There are 2 protein chains.
Amino acid sequence: MSTEYTNPLFTVDSVLFTVKNGQLMVLLVKRAQAPFTGDWALPGGFIDVQQDKNTDATASRKLEAKTGLKPAYLEQLQVISGPDRDPRGFSVTLAYFALVAWQDVSPQISSVESASWIAVNDLKKTNLAFDHLQIIQMAKQRLQQKTLYSMTPVFCLPGQFTIAQLKTVIEAIIEKPIQRKSLMRRIEASGIFEISEEKIPSGGRMAQLYTLKPGADLVNFERNLSL
Amino acid sequence: MSTEYTNPLFTVDSVLFTVKNGQLMVLLVKRAQAPFTGDWALPGGFIDVQQDKNTDATASRKLEAKTGLKPAYLEQLQVISGPDRDPRGFSVTLAYFALVAWQDVSPQISSVESASWIAVNDLKKTNLAFDHLQIIQMAKQRLQQKTLYSMTPVFCLPGQFTIAQLKTVIEAIIEKPIQRKSLMRRIEASGIFEISEEKIPSGGRMAQLYTLKPGADLVNFERNLSL
DNA sequence: GCATATTAGTGTCCCTGTGACACTATGTCA
DNA sequence: TGACATAGTGTCACAGGGACACTAATATGC
């Protein structure tokens with residue numbers, strides 16, 4: 001090539017979800033510098049080519065800095081690019097979406113002042129930097145879709161969990177009730193869960209605890225849950 | 001931020017598929033310069049921030065330069081990044097996957113010397129630059145998956161097509177036979193196709209031609225075709 | 001101890017959409 | 001005109017989700 005290209009600004013941002021009290025929450029940080037100073041934004045930043053083996057590592061590192069732990073689930077969402085999304089010029093952002101258990105981050109997060117969990121359905125009231133609102137909506141849609149044909153939402157739960165907990169998380173994500181029975185069938189059929197030794201009290205009959213089989217990959221079901 | 005980051009090389013590459021004679025083909029170009037001079041590679045290049053409104057435009061522009069037309073279908077595949085995939089240093093590549101009708105590009109492609117269609121199942125015999133073989137395999141898997149729950153493969157066909165043609169394309173992609181009946185049911189159920197006025201001879205009874213309804217979006221089915 | 005409320009887990013029927021495959025329809029060609 | 005080839009239909013079996021009633025086990029109040 002004979003022409004010289006100006007390399008656009010490349011950043012990695014993450015939409016980290018969790019479910020708290022039946023509500024889907026997203027982690028946001030308060031911007032300290034321009035542009036959009038004082039607005040809420042997705043946690044992210046630049047690749048550190050010395051330290052990060054790839055962009056996944058960048059996303060993971062940035063999230064760990066805010067939450068104190070690596071996300072349980074991390075997946076590329078999409079690249080968003082254009083001349084107008086950042087006032088400083090043409091920008092390219094790789095967006096990730098990620099999941100953690102509320103119970104796992106809960107002790108850590110309060111220590112960080114500039115980061116906060118905000119309910120996804122309350123975002124209208126929030127000032128969001130750049131096009132981060134749209135990115136969050138895209139991430140939510142992807143998560144909803146995946147929830148219909150996979151067990152991805154388990155990553156919003158701690159290592160041991162009950163069917164009722166998983167049901168709550170799924171319902172928070174897709175915003176529809178599902179059948180307990182259907183969920184149990186899928187847990188059984190997926191073959192990626194183990195029945196734990198323990199049961200825990202639940203207000204009625206003791207609830208069986210489940211764990212993900214170590215090293216098991218998520219399975220995609222051939223049918224979706226109905227909307 | 002106080003630290004200065006070295007901006008890694010950012011490129012956009014596309015895996016453009018078509019189906020010819022029941023075989024899934026991918027468009028490759030011969031590299032003229034180092035590294036990997038003389039090897040086959042995915043068509044791609046750098047964003048032109050003056051000209052491209054986003055990375056989709058970059059991918060589309062590069063493909064048009066090779067094939068003479070914009071791809072009928074274009075979707076982001078994934079970002080691949082790392083310090084070792086390009087000998088010149090840390091690199092970030094946004095891979096797209098795209099579809100065109102063989103019938104549409106056929107007249108154009110022969111005029112371009114440096115580009116060529118190669119059967120995806122023959123790639124072992126081909127010297128491929130960088131990690132482009134893995135990227136093609138990823139694209140193929142994604143296309144196969146989408147074929148199970150959507151009508152994406154229509155974009156490998158011209159504006160008017162028969163059910164038999166669509167069946168051939170689908171079978172080339174997933175490498176399994178499917179039932180004619182199932183395909184017809186899905187065409188009907190999707191609601192995105194129109195019965196054309198015309199029929200064309202086929203060696204037996206005349207075949208009904210179908211077209212995509214103008215402006216219709218692809219639908220996702222709730223069940224997959226079985227593997 | 002016993003009834004009742006509460007949550008966990010099971011049994012079972014219906015419904016929908018795919019797989020399979022035979023059957024009918026309509027064209028070509030010898 | 002009859003053989004053949006491809007297009008399109010009818011229909012049954014099967015699988016898995018939706019719905020929902022039923023049983024199981026635990027807590028609480030009397």
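Fair warning: this is a prediction, and the values are worked out from it, not measured in the lab. Chain naming here is simple, since letters A, B, ... match the order of the sequence lines and numbering starts at 1 in each.
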Looking at A/Thr58 and A/Ile47, would you say the former's side chain and the latter's main chain have a donor-acceptor pair under 3.5 Å?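 Pair absent, no side-chain N/O of A/Thr58 close to backbone of A/Ile47.
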
Which residues share a side-chain hydrogen bond (donor to acceptor under 3.5 Å, both in side chains) with A/Arg185, sequence neighbours left out |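 Partners of A/Arg185 under the side-chain hydrogen bond (donor to acceptor under 3.5 Å, both in side chains) test: none.
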
>> How long is the straight-line distance from OG1 of A/Thr126 back to CG of A/Asp39, given to the nearest 0.5 Å?
In response: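 With rounding to 0.5 Å, CG (A/Asp39) is 10.0 Å from OG1 (A/Thr126).
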
[N] [atom2] sits how many Å from [X] [atom1], rounded?
| X | N | atom1 | atom2 | result |
| --- | --- | --- | --- | --- |
| A/Leu166 | C/dG9 | CG | P | 12 Å |
| B/Ile200 | D/dG8 | CD1 | P | 10 Å |
| B/Lys167 | D/dA5 | NZ | P | 16 Å |
| B/Met206 | D/dA5 | CE | P | 19 Å |
| B/Gln165 | D/dA7 | CD | C1' | 13 Å |
| A/Phe221 | C/dT18 | CZ | P | 19 Å |
| A/Phe161 | C/dA8 | CZ | P | 14 Å |
| A/Asn224 | D/dG17 | CG | P | 10 Å |

Within the 4.0 Å heavy-atom criterion, would you say A/Ile178 contacts the bases, only the backbone, or no part of the nucleic acid?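 No contact.
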
Exercise for the section: Check every strand shown and say whether A/Glu222 touches a base, only sugar-phosphate, or nothing at a heavy-atom separation below 4.0 Å. Expected result: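 Nothing: the residue A/Glu222, judged by heavy atoms under 4.0 Å, touches no strand.
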
Proximity to the side chain of [X] - top-ranked nucleotide from [options]:
| X | options | answer |
| --- | --- | --- |
| A/Ser226 | D/dG18, C/dG19, D/dA7 | D/dG18 |
| A/Arg180 | D/dT9, C/dG27, C/dG9 | C/dG9 |
| B/Arg223 | C/dG17, C/dG9, D/dG18 | C/dG17 |

Going by number, which of residues 182-199 of chain B have a non-hydrogen atom under 4.0 Å from DNA chain D?
->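 Within residues 182-199 of chain B, the residues near DNA chain D are B/Met184, B/Arg185.
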
**Prompt:** Pick the nucleotide of DNA chain D nearest each of A/Gln179 and A/Gly203; which residue has the one closer to the 5' end?
**Reply:**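 This one resolves to A/Gln179.
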
### Task
Go through the N and O atoms of the side chain of B/Arg205 and the base of D/dA7, and report whether any donor-acceptor pair is under 3.5 Å.
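For B/Arg205, whose side chain was compared with the base of D/dA7, there is a donor-acceptor pair (under 3.5 Å).
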
Quiz item: Is there a donor and acceptor pair, one atom on the side chain of B/Lys181 and one on the base of D/dG10, closer than 3.5 Å?
Solution: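 A donor-acceptor contact between them is present.
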
Exercise. Would you please indicate yes or no on a ring centroid separation below 6.0 angstrom for B/Tyr149 and B/Phe221?
Key: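 Centroid distance B/Phe221-B/Tyr149: not below 6.0 Å, so no.
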
With heavy-atom distances below 4.5 Å as the criterion, would you say the side chains of B/Tyr73 and B/Phe17 are in contact?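 No, every pair of side-chain atoms sits at 4.5 Å or beyond.
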
Side-chain contact test, heavy atoms from C-beta onward, threshold under 4.5 Å: evaluate it for A/Ile178 versus A/Ile174 and give yes or no.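 Yes; the side chains approach each other to less than 4.5 Å.
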
Apply the side-chain contact (heavy atoms from CB on, under 4.5 Å) test between A/Lys125 and each candidate in A/Asn127, A/Asp122, A/Leu123; give the one that qualifies.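 Among the candidates, only A/Asp122 passes.
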
